[in-house]
Protein chains: 2
Amino acid sequence: MTVKPAPTENLLTPSEVATLFRVDPKTVTRWAKSGKLSSIRTLGGHRRYLESEVRELLTGVPQQRSE
Amino acid sequence: MTVKPAPTENLLTPSEVATLFRVDPKTVTRWAKSGKLSSIRTLGGHRRYLESEVRELLTGVPQQRSE
DNA sequence: AGCGAATGGGGTAATTAGGGTC
DNA sequence: TCTGTCCTAATTACCCCATTCG
C-alpha cells in the first residue's frame with residue numbers, strides 16, 4: 001500500500017509526559033483538566049498529548065511540527 | 001440539493017489507525033468490536049477503517065472528503 | 001508456491017480515569 | 001495552590017499462534 005506523508009502529530013502517553021517532567025502521571029492529568037495542556041482522547045477516554053507542545057513547554061523553544 | 005456521487009473513501013489499516021491514536025492495533029480492533037468505530041471487512045476477515053471517520057474522531061472536527 | 005509483515009483470535013499484565021483525602 | 005498517594009473500575013498493552021495480506 002501507499003504510505004502517505006503522514007500529516008500526523010506525534011502523541012505521547014500520560015506516563016511518558018510524566019517521565020519527561022519528573023512528576024506523577026496524575027499531575028499531568030490535572031494539567032490537562034485545567035487547560036494548561038491540550039490533549040487528544042482515545043475512544044476509551046485515555047488521554048494522549050502533543051509531543052511538540054510538551055517539548056516546547058519543557059524547553060521554552062517552539063518545536064517544529066510534522067504537519 | 002446536492003447529490004453526492006459515492007466516492008471511494010480512503011481506507012486505513014488497523015496499524016495506521018493505531019499510529020494516529022498512539023495505541024496498539026489490538027485496541028483499534030476492540031473499538032470496532034464494541035461499535036465505537038465502523039469497519040469494512042476484507043474477504044479474509046481483516047478490518048479496514050474509514051479515514052474520514054478516524055480523522056473526525058481524532059480532532060472532533062468533521063473532515064472534508066475528497067469528492 | 002513461497003515469503004515477510006500484518007491481522008485476528010484468546011488470555012493475562014500494566015496504565016489510566018475518576019473521586020477522595022492528606 | 002500544587003503535588004503525591006490510596007482506591008476501584010475501565011481501558012489499554014503485551015504474550016501466544018494460526019491465518020491473511022501484499
> With sequence neighbours left out, which residue pairs that include part of residues 32-44 of chain B fulfil the side chain to side chain donor-acceptor pair (under 3.5 Å) condition?
Replying inline: B/Ser38-B/Glu53

>> If you define the side chain from C-beta out and look only at heavy atoms, does anything of A/Leu12 sit under 4.5 Å from A/Arg48?
In response: no

>> According to ring pair (Phe, Tyr, Trp, His ring centres under 6.0 Å), does anything in residues 37-60 of chain B pair up with another residue at least two apart or in another chain? List the pairs.
In response: none

> What distance separates A/Leu37 CG from A/Leu50 CG, expressed to the nearest 0.5 Å?
Replying inline: 8.0 Å

>> Measure CH2/A/Trp31 against C1'/D/dG4 and give the value in whole Å, please.
In response: 13 Å

> Which heavy atom of B/Arg47 sits nearest a heavy atom of B/Pro14, and at what distance?
Replying inline: O-CD, 3.3 Å

> Out of D/dA13, D/dT11, D/dG4, which has the shortest distance to the side chain of B/Val23?
Replying inline: D/dA13

> So what is the end-to-end bend of the helix from C/dC3-D/dG22 to C/dG19-D/dC6, with 5 pairs used at each end and the value given to 10 degrees?
Replying inline: 60°

>> Test of understanding: with salt bridge (Lys or Arg N to Asp or Glu O under 4.0 Å), list the residues that count as partners of A/Arg55, not counting sequence neighbours.
In response: A/Glu51

Show which side-chain atoms of residues 17-29 of chain A pair as donor or acceptor with protein atoms under 3.5 Å away, not counting sequence neighbours.
from    : atom 1 : to      : atom 2 : distance (Å)
A/Thr19 : OG1    : A/Ser15 : O      : 2.9
A/Asp24 : OD1    : A/Lys26 : N      : 2.9
A/Thr29 : OG1    : A/Pro25 : O      : 3.3

> Which parts of nucleotides 14-22 of chain C does protein reach within less than 4.0 Å, heavy atoms only, written one letter per nucleotide 5' to 3' as B for base, S for sugar-phosphate only and - for none?
Replying inline: -BSSBBB--

>> I need the CG-P distance between B/Asp24 and C/dG8, as an integer number of Å.
In response: 11 Å

